[in-house]
Each structure stands twice: as C-alpha cells, then as structure tokens.
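To start, the structure itself, in structure tokens.
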Amino acid sequence: MASVTLTLPDGSTKEVAKGTPLSEFIRASIGPGLAKAAIVARLDETLVDLSTPVERDAKLEVLTNKSREALDVVRHDAAHVMASVVQRLYPGTQVTIGPAVEEGFYYDFFREQPFTPADLETIEKAVNEEIARDLPFVRSEISADEAIALFEGKGEKFKVEIVRDIVAKGAKTLTLYTHGDWVDFCLGPHSPSTSKIGVVKLLNVAGAYWRGNSANPMLQRIYGTAFFDKKALEAHLKQIEEAKKRDHRRLGPQLGLFMFHEFAPGAAFWLPNGTTFFNILQGSMRELVLANGYQEVKTPLLFDKRLWERSGHWGKYRENMFLVLDSESDPKLGIDERCSQSLKPMNCPSHHLIFGMRKRSYRELPIRFYTSDVLHRNEASGTLGGLTRVRQFQQDDAHIYLMESQVKDEVFAIVGLMKRVYDAFGLTFNARFSTRPAMRLGGDDLWDRAEGALRSALEATGLPWELCKGDGAFYGPKIDFEVTDSLGRKWQLCTIQLDYLAGERFEMKYTGSDNADHRPVVIHRAIYGSFERFTAILVEHFAGAFPTWLAPVQARILGVAERHSSYARETCAKLRALGFRVEVDDRNETLGSKIRDAQLEKIPYACIVGDNEAAQGSVSPRRFGGEDLKAMPLERFVQLLDAEGRVPYGGC
RNA sequence: GCCGACAUAGCUCAGCUGGUAGAGCAACUGAUUCGUAAUCAGUAGGUCCCGUGUUCGAUUCACGGUGUCGGCUCCA
C-alpha cells in the first residue's frame, strides 16, 4: 500500500498508509492522549475533521482545547446542536445559517412566534443535554440534486436557496454534517462529537434580516457562547459584567459628565463635569493642531441645499440630513421642494468653499483647515445608543489641501500627531490600508501614485498595518485606525482619506510654479473621530477614573471637622487660582464618608485637612485607590498637580 | 426604519392571577465634630413613560405613541 509523509510541528516526519483517517494516525503514531484531546487538525493551511483520510504529503497540526481556532470550531458545533434542539422543540421553525463569531456563535431561525427568554432557558438546557449525549458529527457528501431534494422535502426554503446559490457557482457535490438524527449542509470542519463542546450559554435573541438585507424577511437570531469548561465560561460572563460596570451610559450620568433626555434623542446634554472634560479634549487638540500648521475656522451650521448638491450628498445622503422647512412653501409640494436648507452633516464642503474664496498659490500649500463645529445627522431611531451613536456631534475635523507630491510627508505627519494623542491615553492602535475599489473614479496611474504615497508614508511610520484590498472610497485610498481599549475591545476611530474628487466638484485650483492652474488633492482626517464617541471610549477605557490631566475634578479638599472648613476653602481657592480644578467637601459628614464619596466619584486626589494641616499650611493627599501620601506642604502638592495635570500632547 | 424586550421615588430595584404602591441608598431636618471607603434618629418624596380603550375598578389587560436596551440595516 502506498504511504504518504506527514510533517509535525516539531519538524519530525511520519509515514502513514495512504487513506488512513487522521484520528487513526494520531492514536497510532503520536499518542492516545492527544488522540483523545484532539478537536480538529490543520493539514497544511486548512482546518479539517479528524475523520479526514490522509491522501498526500502534508504538514499536520493537531488542535486541542488549548487552541482558539478549536474553540471557534466547537462554537460552530454548538450552533448546529442548538439548531437541532430548536427544530425538535419548536416544530415548523426553519433553519438558515449559524456561524461562530468573536465572542461565541449565533444561529438565525425563521419562525413566526418570537422566542422568549424562557424559551432560551429551555433551549440552553436541552443543548447541554445533547452535548452530554456525546453524539458524533458525521460528515457525508451528496450531489447537488440530492441536497436540494433533501431540504425541499423538509420545507427548508432558506437552506434550498443557499444550496441553489452554491450550485449556481459550480458546486457538484455538497457536504453534510449529521449528529443524532439532525442533518445540516455545512462546509465544516466539526469536532468528533458533541461532548467536545464543553458548556453552552445562550445570551439573547435579536432580529436579523435574511442575508443582511432589510428587504428580506426578518429572522430571529439566537446568540450564545460556548467554552471548553465552566471556569472559562464564568470568566467570560464576569468580563461581560465588568464591561457593563464600565458602560459609559451608566457612568456618564453618575459622574456628572452627560445625560440624555427624550426631548432630544441622540443629542447629549453635557453636564458641568462633562463640559470641563469636553473642553479639555477640545482645547488640547486645538493647541496640538495649531502648533502643527493647522488653522482653525468656523463655518455656518445651516446651508442652502445647493451646497449639498454640489458635494454630491444631496442625492445620496439626504435621508440622513435634517432639512429645514421653508415656512412659505406650498404644502402640496413634496418635502424636497419645500426645504431649501439643511443642517450640516459634515464640514468638508464648507472648508472647500473657504479654500475657493480666492486664488491659491502652490507656495501656500498645504493649507490645513481645522473645525470642531456641531454637526447633525439624522440617524435611524433604532441605531441610536449612548454617546457612540448620536444625531448631534462634534469632530476634530480637518481638511488639508495639498499637491500630490506633498501627500507622503503630510500623511506621515498626521500619523505622528495621532500617535502622540493615542499614546497619551494608553490606547494602542493598528492601521488598515484600503486600496482602490472596483467602482472608482480616476485612472490607474492616479491610483498607483495615490496608493504609493499612502503606503510609503505608512511604512515610514514603522507602525504595523494590514492591507484591505478594494476597501477604499471611490474617490481615493484611505488609512483606518483601530484602537484597542483596556478591555481589549476594538474601535474604529479615524480615517485618513485621500480625495481626488473634491477638487473637481468644487473647482478648486492653485497656481503652480509653472504658472498654470492645478487641482489640489484633499485629505480628510480626524484623530478623536467625534468628541462624543471618543468620550464614550475614554470613559470605558478608564472606567471613569481619569488621569489627573483629564479628570474634570482633579482634587477635592476634605475637612476633618466643620472647624476646618475655612482652611479647606482657602486651600481650594489657592489651587484654583493656579488653574487647578479643585473643590471642597465641607458637608457635615464623617471623614470616612467624604473619602468614600470622593472615591466613588473617582477623583484623583482627596486632600484631607485637619488641625495639623491647618497649623502647618499643608495637605494630606490620598490618591484614588487608597494610597496615602501623608502630609506635605501645599507647594509640594502644587508641584505634583502641575506635573500630572499637564496634557501630554498639548501644544508642541 | 425593522425584529424583540423593557419603562414604578433622584439612583438600584420589590410589587403573585386587576382592588389607587414599598425597601435600601441619595435628599431634607435635628443630634453628632469625627484622621483615610458608609455616625445616629426623624421627615419628606410617586401623573407607576404618555394617550385611548376594556372593566364597577387599570401600575397590572388591549391598542397606539414616545424613549431606552439587545441586535439587523446604515454609518458619506
């Protein structure tokens, strides 16, 4: 019998008879321990079932419950098991798809009646029973016709649609997986049997459109998660709890940062502490950009719709714009004809108008206009949520007008500013470089130059980045930055976009050294993204315990007894005069309870003042978290605040 | 916008099948004058989200609306 060679991760090689199932090979040639622990295997680059026969020379890696990819596989297993249970418990329910996702898995079902939380409990229990039954996952192949007949016979319209699509793409045979008496069409791989899954927890049920298209029927998506053992599941649930505690929607009002009201859905009220916070973000960004060649401008909030017609937004994004009704317009007309103005949803066109106010020289370039005006976008009601998705917001928005030859240096400079800002907050980030999409404007030579400039700028920064082929905007390539917060969650904050279209649309031009007119290239860029969203991320990143330079209240002076009030107030006044954000707590409460409140409000320093401090002109600061710095002269505390209170990226 | 859930005191939440609401914390008043995460006592606090309906009677049931939450779609 012919044999083939498998190369193991340690580099050793083993001969095996051709056609031997992997599981056999692992048991016989590596060890029964690993055979028992194995969940899936990687043959060369592909994940495969352990039942797969070995047909050719390959590299082999056996994945066990130590592997993240194996976890994804059993989560997919769990989705299958859940679907089988749901169809048994709720006859008539149709199945669609059910993949593993970042945190677990889901399965989309079609059923008229909604699943209730009680249903989820029932399903979860049944799923875990099914896991305990240790049913093997059995793989089989059938022809396309058989597959269609099979699912048509079951009345599974959605499955039939998927199968037909795959057949249309040229597939002749399809893979099925069966566990117990339940069968699904699926590419796999799956683990050997249900007991590999460990433990399943169902989390919630949500609506989802069939194939993600709002014109299609609404399905019910059941989200769940699976782990190899209970301990890991509990750790995960704890992590969800921790994230909940940090939720900016809860902490924001609690810390006096912001609130919402039903009279203005999607628009924040910035409370005193929040306004201070906002102003710190805004002021430090202003200092930073002004020190780096930007010019701040302010433009109207309300614009004639002709501006949006010129920019191209009126045709495509009118749905999301707040229109202003002309009071004298004819009520019989459509809304489009009755509105001639809208609140601005973005700053770019108004910056373009400033650029175009007069003839520009190449000597002036790059010109950098910075604005943090209020913007309005009429987002669909169902999408609103906290500060991350709002209708009214402000951006640290800038548009840079420059020659193509300046793009590389400019992008490099922007990334440098961004790095300074994100480093200050302890946010790590990675870049994604998006190149020309299929639908695009401009010739290949233009795109070659544009992508080349962006890429070389990125490479010059030395930051890691990944290529996203074809994800660019139709008017130019872009770089997206994704930051990772203290809980490991990723947020897409900003993009640097190259725009070759705006120059045309707004007939922008500058006179070059050749005394001829040229179109400038435009760069759209923001570092925070929006102040609202950035605030939300920072609140959750720091769990509300901001560093001294960012804290709305940097220190609170606590009198030990009421007779220390006047000294507390004097001290507070002195610190305020020096520009620090300080307040006094001279309520008739015990020191312990005042300390507790300062701690709950996450104020960086609680300064205790009593008889000793009043006599010596000192304070006894206690750091957030409990560290007692003991009595120190006020001047020393001033030095401390001064050092910690400085914005790490303010100015130059 | 779509699917589902939720909305009770400032906050966190009780309130079984319909009979006009309760706790803790916060607030207020008084006592207490205190040294690093909650001093004690008392008082007050409600359009049970809004509207309509069913009912002798609605916080509770039905319908409509608003907002919020979990998702989908969207995010120039």
Side-chain angles (χ1 to χ4, degrees), chain A residues 101 106 108-117 119-120 203-223 244 247 249-250 253-254 259-266 308 311-321 345-349 375 377-386 388-391 393 473-475 478 492 495 497 499 501-502 524 529-530 533 558-565 586-601 606-613 620-631:
Chain A
V101 290
Y106 68 79
D108 284 347
F109 298 99
F110 181 76
R111 177 178 183 241
E112 294 293 344
Q113 233 181 314
F115 291 109
T116 65
D119 291 337
L120 286 203
L203 299 169
N204 53 36
V205 56
Y209 297 109
W210 167 235
R211 299 196 150 172
N213 184 338
S214 57
N216 287 340
M218 181 63 81
L219 306 171
Q220 294 190 66
R221 176 171 296 179
I222 299 181
Y223 279 95
K244 253 190 205 157
D247 192 325
R249 292 171 298 193
R250 178 191 285 257
Q254 232 169 62
M259 60 169 246
F260 287 91
H261 193 278
E262 66 168 302
F263 288 171
W308 313 113
S311 68
H313 294 113
W314 188 258
K316 272 171 83 177
Y317 301 107
R318 186 184 41 211
E319 290 290 301
N320 285 336
M321 287 167 60
M346 58 191 32
N347 294 305
C348 358
L375 303 175
R377 296 181 187 180
N378 195 3
E379 305 292 353
S381 56
T383 64
L384 300 177
T388 49
R389 190 68 176 182
V390 286
R391 287 186 172 143
F393 61 100
F474 68 94
Y475 48 76
K478 64 176 180 177
Q492 211 235 277
T495 68
Q497 297 189 2
D499 186 343
L501 180 69
H524 306 250
S530 84
R533 195 173 151 79
L558 314 182
V560 172
E562 254 171 271
R563 64 174 180 281
H564 307 114
S565 280
D586 58 359
R587 291 173 305 161
N588 177 13
E589 288 289 344
T590 57
L591 181 61
S593 93
K594 291 188 223 185
I595 286 173
R596 180 166 191 272
D597 288 342
Q599 179 74 23
L600 290 176
E601 291 172 51
C607 293
I608 288 97
V609 296
D611 290 335
N612 300 335
E613 289 79 4
S620 295
R622 174 194 191 276
R623 275 210 169 94
F624 171 80
E627 187 192 355
D628 183 357
L629 300 186
K630 310 286 191 223

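Each chain gets a letter, A, B and so on, in the order its sequence line appears, and its residues count up from 1. Below, each value reflects all heavy atoms present in this structure, side chains not excepted, and no hydrogens, waters or symmetry copies.
- In this entry the distance linking NZ of A:Lys244 with P of B:G70 reads 9 Å, nearest Å.
- Minimum interatomic distance between A:Asn378 and A:Arg391 (heavy atoms only, all atoms of both residues): OD1-NE, 3.3 Å.
- The aromatic rings of A:Phe115 and A:Phe109 lie perpendicular to each other, with more than 60° between the two planes, well past the 30° mark.
- Between B:C69 and A:Arg249, a contact under 4.0 Å exists linking OP1 or OP2 to a side-chain N or O.
- Contact annotation for A:Tyr475: backbone-only contact, meaning every heavy-atom pair under 4.0 Å involves sugar-phosphate atoms and none involves a base.
- The CD-C1' distance, from A:Glu589 to B:A26, rounds to 11 Å in whole Å.
- Taking 3.5 Å as the limit, the base of B:G35 and the side chain of A:Glu613 contain a donor-acceptor pair of atoms between them.
- The listed nucleotides are B:G1, B:A37, B:G71; the one nearest the side chain of A:Thr383 is B:G1.
- For the pair A:Tyr209 OH and B:G71 C1', the interatomic distance rounds to 10 Å; values are reported in whole Å.
- Contacts of A:Gly386 with the nucleic acid, taken as non-hydrogen atoms under 4.0 Å apart, involve only primed sugar atoms and P, OP1 or OP2.
- If you check every strand for non-hydrogen atoms under 4.0 Å, A:Gly610 touches a base.
- Among the nucleotides B:A37, B:C2, B:G1, the one closest to the side chain of A:Met218 is B:C2.
- Nucleotides B:U60 and B:A9 place their P atoms 15 Å apart, quoted to the nearest Å.
- A:Asp597 comes within contact range of no nucleotide atom at all, as no heavy-atom separation falls under 4.0 Å.
- Here B:G71 presents its C1' atom at 6 Å from OH of A:Tyr223, a figure rounded to the nearest Å.
- Straight-line distance between the C1' atoms of B:C6 and B:C48: roughly 14 Å, to the nearest whole Å.
- Counting to the nearest Å, the P atom of B:C72 and the CZ atom of A:Phe109 are 17 Å from each other.
- Pairing partner, B:G42: B:C28, with both Watson-Crick or wobble hydrogen-bond distances short of 3.5 Å.
- With hydrogens and angles ignored, no donor-acceptor pair closer than 3.5 Å exists between the side chain of A:Glu262 and the base of B:U66.
- As judged by a 4.0 angstrom heavy-atom cut-off over every strand, A:Asn204 is placed among residues touching the sugar-phosphate backbone only.
- Comparing A:Asn378 and A:His564 along RNA chain B, the residue whose closest nucleotide (by nearest heavy atom) sits nearer the 5' end is A:His564.
- In this structure, A:Leu558 reaches neither bases nor backbone, as no heavy-atom distance under 4.0 Å exists between it and the strands shown.
- Straight-line distance between the P atoms of B:C49 and B:C16: roughly 14 Å, to the nearest whole Å.
- Take the nearest nucleotide of RNA chain B for A:Tyr317 and for A:Leu219: the residue whose nucleotide is more 5' is A:Leu219.
- Residue-level contact check: A:Arg221 touches the backbone only, with heavy atoms under 4.0 Å from sugar-phosphate atoms and none from bases.
- Side-chain contact between A:Tyr317 and A:Arg377 is absent, with no heavy atoms from C-beta onward closer than 4.5 Å.
- At a threshold of 4.0 angstrom between heavy atoms, the contacts of A:Gly382 include nucleobase atoms, whether or not backbone atoms are also involved.
- Across the P atoms, B:C40 and B:C13 are found 25 Å apart, a figure rounded to whole Å.
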Go through it in stages, so that I can follow the logic: the residues are A:Arg622 and A:Gln599, the test is side-chain contact (heavy atoms from CB on, under 4.5 Å), and I'd like the CA-CA distance, side-chain angles, deciding distance and then a yes or no.
CA-CA 10 Å; A:Arg622 174 194 191 276; A:Gln599 179 74 23; 3.0 Å; yes

Working note: A:His564 + A:Leu558, criterion side-chain contact (heavy atoms from CB on, under 4.5 Å); need CA distance, chi angles, decisive distance, verdict.
CA-CA 9 Å; A:His564 307 114; A:Leu558 314 182; over 6 Å; no

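- Side-chain atoms of A:Ser620 lie closest to B:G35 of the nucleotides B:C75, B:A37, B:G35.
- The gap from the P atom of B:C25 to that of B:U39 amounts to 11 Å, rounded to the nearest Å.
- Among the atoms of the strands shown, none is found under 4.0 Å from any heavy atom of A:Glu627.
- Picking from B:G71, B:U39, B:G1 the nucleotide with the shortest atom distance to the side chain of A:Ala206 gives B:G71.
- B:U8 and B:G46 have their P atoms separated by 15 Å, given to the nearest Å.
- Nucleotides B:G19 and B:G57, compared at atom C1', are 7 Å apart to the nearest Å.
- When heavy atoms are screened at a 4.0 angstrom cut-off, A:Ala208 is found touching the sugar-phosphate backbone but no base atom.
- If you take CG of A:Leu120 and P of B:G71, they are 14 Å apart, rounded to a whole angstrom.
- Between B:U59 and B:G18, the distance separating the two P atoms is 13 Å to the nearest Å.
- An OP1 or OP2 oxygen of B:C72 is reached within less than 4.0 angstrom by no side-chain nitrogen or oxygen of A:Arg211.
- In this structure, A:Asp108 pairs ionically with A:Arg221, as a charged nitrogen and a carboxylate oxygen lie closer than 4.0 Å.
- Taking atom CE of residue A:Met259 and atom C1' of nucleotide B:G10, one finds them 12 Å apart after rounding to whole Å.
- When heavy atoms are screened at a 4.0 angstrom cut-off, A:Gly312 is found touching no nucleic acid atom at all.
- In terms of phosphate contacts, A:Thr590 brings a side-chain nitrogen or oxygen within less than 4.0 Å of OP1 or OP2 of B:U39.
- Atom CD in A:Glu319 sits about 14 Å away from atom P in B:C74, given to the nearest Å.
- One cannot find a donor-acceptor pair under 3.5 Å joining the base of B:C74 and the side-chain atoms of A:Arg377.
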Could you please spell out the steps behind the side-chain contact (heavy atoms from CB on, under 4.5 Å) verdict for A:Glu379 and A:Leu384?
CA-CA 7 Å; A:Glu379 305 292 353; A:Leu384 300 177; 4.1 Å; yes

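- Among B:C34, B:G1, B:C74, the nucleotide with an atom closest to any side-chain atom of A:Arg389 is B:C74.
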